Amino acid sequence: MAKVVVTASLKEEIFKRFKAASEKIFLQMKSLEHNPHKGKALGHVAGIVIKELKYEKYRFYFITDGHVLKFGTDDELAALLIKFVRMSDKKNQQKIIDEIKTILKSMGFDAL
């Protein structure tokens with residue numbers, strides 16, 4: 001079973017914006033523990049895959065190890081870490097994806 005982590009700033013933003021519906025969003029995020037292949041792949045930076053889950057008009061972006069996701073055994077998938085990092089509406093989608101890529105590259109993932 002993969003491990004799903006949500007950044008503290010994203011949790012606060014979800015609670016603030018969605019209030020009661022936030023429970024549905026977190027359940028959808030936690031569903032990745034049992035089905036880590038879920039979500040649409042948007043890009044990758046040196047083996048780190050950026051994917052999204054949709055809820056109404058909002059997108060929730062997460063990153064994970066693309067190699068383990070694609071070729072991993074059941075044991076490797078069980079140790080997989082999925083981290084939700086940002087959210088956006090449809091109009092800011094490309095801006096947020098580019099920001100995530102820039103942050104990953106600044107952390108040194110582009111050289112891998």
Side-chain angles (χ1 to χ4, degrees):
M1 186 164 82
K3 180 174 170 101
V4 175
V5 176
V6 182
T7 61
S9 60
L10 181 57
K11 279 183 188 177
E12 288 176 23
E13 189 175 353
I14 291 170
F15 284 132
K16 190 168 97 175
R17 181 164 293 164
F18 297 102
K19 299 186 180 17
S22 63
E23 186 176 335
K24 289 180 188 175
I25 294 166
F26 287 120
L27 286 174
Q28 186 176 4
M29 289 176 173
K30 289 291 185 182
S31 72
L32 287 171
E33 290 179 344
H34 300 288
N35 186 7
H37 298 286
K38 199 171 171 183
K40 180 181 176 185
L42 303 171
H44 59 86
V45 176
I48 304 295
V49 177
I50 303 167
K51 295 180 89 174
E52 76 174 1
L53 280 181
K54 294 180 187 176
Y55 177 77
E56 295 178 356
K57 65 178 184 174
Y58 293 94
R59 277 97 171 115
F60 298 91
Y61 303 98
F62 61 96
I63 57 175
T64 191
D65 184 345
H67 182 74
V68 172
L69 193 59
K70 191 168 186 175
F71 302 110
T73 64
D74 289 340
D75 290 337
E76 289 173 325
L77 284 174
L80 183 66
L81 177 65
I82 299 170
K83 186 167 188 172
F84 279 89
V85 291
R86 298 289 300 270
M87 71 176 262
S88 75
D89 53 10
K90 180 65 177 166
K91 68 179 183 177
N92 294 326
Q93 183 178 15
Q94 192 59 51
K95 179 182 155 198
I96 298 297
I97 294 167
D98 291 340
E99 285 177 11
I100 294 170
K101 286 181 179 180
T102 301
I103 291 169
L104 288 173
K105 288 176 183 176
S106 71
M107 293 173 67
F109 284 105
D110 61 342
L112 297 176

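For clarity, every value in this text was computed on a predicted model and none was experimentally measured.
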Test side chain to side chain contact (heavy atoms under 4.5 Å, CB included) applied to Ile103 and Met107, Lys105, Lys101, the passing residue: Met107
Looking at every heavy atom in both Leu32 and Lys38, which two are closest together, and how far apart are they? CD2-CB, 3.3 Å
Within 6.0 Å of CG in Asn35, more than 12 heavy atoms from elsewhere: yes
Is it the case that one hydrophobic cluster holds both Val6 and Ile100, taking links as side-chain heavy atoms less than 4.5 Å apart, direct or via other members? no
List the atom of Met87, the atom of Arg17, and the distance in Å for their closest heavy-atom pair. CE-NH1, 3.2 Å
What verdict does the side chain to side chain contact (heavy atoms under 4.5 Å, CB included) test give for Met1 and Glu33, after you've listed the backbone C-alpha separation in whole Å, the side-chain angles of each residue and the deciding distance to 0.1 Å? CA-CA 5 Å; Met1 186 164 82; Glu33 290 179 344; 3.7 Å; yes
How long is the gap from OG1 on Thr64 to NE2 on His37, to the nearest 0.5 Å? 10.0 Å
Would Val85 and Ile50 show up in the same hydrophobic cluster when neighbours are defined by side-chain heavy atoms closer than 4.5 Å? yes
Honestly curious: do Leu69 and Phe60 fall in one hydrophobic cluster under the side-chain, below-4.5 Å linking rule? yes
Looking at Pro36 and Ile82, what are the two nearest heavy atoms and their distance? CB-CD1, 4.0 Å
For Phe26, the ring-ring contact (aromatic ring centres under 6.0 Å, His included) test, sequence neighbours excluded, returns Phe15
For residues Ile97 and Phe84: do they belong to one hydrophobic cluster (side chain heavy atoms under 4.5 Å, members Ile, Leu, Val, Met, Phe, Trp, Tyr)? no
Give me the ring orientation class for Phe18 and Tyr58: parallel if the planes are under 30° apart, tilted from 30 to 60°, perpendicular past 60°. perpendicular
Validation row: Val4, Phe62 side chains within 4.5 angstrom (heavy atoms): no
ILVMFWY network linking Met29 to Val5, side-chain heavy atoms under 4.5 angstrom: no
Looking at Thr73, is its backbone amide N or carbonyl O close enough to the side chain of Glu76 to form a donor-acceptor pair, meaning the two atoms are under 3.5 Å apart? yes
Report yes if the side chains of Leu77 and Leu80 come closer than 4.5 Å at any heavy-atom pair, otherwise no. yes
Closest approach of Gly66 and Val49, non-hydrogen atoms and distance? CA-CG2, 3.2 Å
Do side-chain atoms of Glu13 reach the backbone of Arg86 as a donor and acceptor pair under 3.5 angstrom? no
What I'd like to find out is whether the side chain of Tyr61 reaches to under 4.5 Å of the side chain of Glu52, using heavy atoms alone. yes
Evaluate side chain to side chain donor-acceptor pair (under 3.5 Å) for Lys95 paired with Ser88, printing each intermediate quantity in order. CA-CA 9 Å; Lys95 179 182 155 198; Ser88 75; over 6 Å; no
What distance do Gln94 atom CD and Leu42 atom CG have between them, rounded to the nearest 0.5 Å? 8.5 Å
Return the CD to NZ distance between Glu56 and Lys90, rounded to the nearest 0.5 Å. 15.5 Å
Decide yes or no for Ile96 and Glu99: does some side-chain heavy atom of the first lie under 4.5 Å from some side-chain heavy atom of the second? yes
